[in-house]
Amino acid sequence: MPDRSDRRWPGAKSAQAKSFGGQKFYRRVAERTGARPRTAEWDASAGLTPLVGAVSGGELNQILGQLPSNCAVLLGKADLAG
């Protein structure tokens, strides 16, 4: 398969990633989708939960290790224990 790692989403800005907690993430999802905060939380979780089955346990631990502890629930995990 061709390497597509250099492709960007249309309209994406090149910037350093910023770290923020779960509530801010949900708020940003709500703002961008026009959803209510609780709906944005459900939508974000539904969008990210399939990731758990698509990556290895080690990869999942790397992902969880980069998230604030209150974001583990987005991946269907109670905490960062994996």
Side-chain angles (χ1 to χ4, degrees):
M1 290 182 64
D3 180 13
R4 296 185 176 160
S5 60
D6 62 336
R7 295 175 107 189
R8 296 186 185 268
W9 288 100
K13 298 176 186 173
S14 179
Q16 184 68 16
K18 296 178 183 175
S19 179
F20 48 84
Q23 292 306 312
K24 184 169 183 178
F25 175 74
Y26 297 139
R27 190 169 49 251
R28 291 174 72 160
V29 170
E31 289 170 1
R32 286 176 171 84
T33 63
R36 293 182 179 175
R38 183 66 178 138
T39 302
E41 186 175 341
W42 292 330
D43 291 347
S45 182
L48 293 172
T49 298
L51 180 65
V52 174
V55 299
S56 71
E59 291 169 323
L60 182 59
N61 285 338
Q62 288 178 346
I63 293 167
L64 291 174
Q66 296 178 46
L67 296 173
S69 61
N70 62 345
C71 289
V73 72
L74 286 173
L75 297 171
K77 300 292 182 183
D79 56 37
L80 292 181

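Both backbone and side-chain heavy atoms feed into the values below; hydrogens, waters and symmetry mates do not.
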Return a table of donor-acceptor pairs under 3.5 angstrom between the side chains of residues 22-35 and protein atoms on other chains or two or more places apart.
| unit_1 | atom_1 | unit_2 | atom_2 | d |
| --- | --- | --- | --- | --- |
| Thr33 | OG1 | Val29 | O | 2.8 |
| Thr33 | OG1 | Ala35 | N | 3.3 |

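- Pairs engaging residues 39-66 under the salt bridge (Lys or Arg N to Asp or Glu O under 4.0 Å) rule: Arg38-Glu41 [sequence neighbours left out].
- Not a single side chain to side chain donor-acceptor pair (under 3.5 Å) links Arg36 to another residue, sequence neighbours left out.
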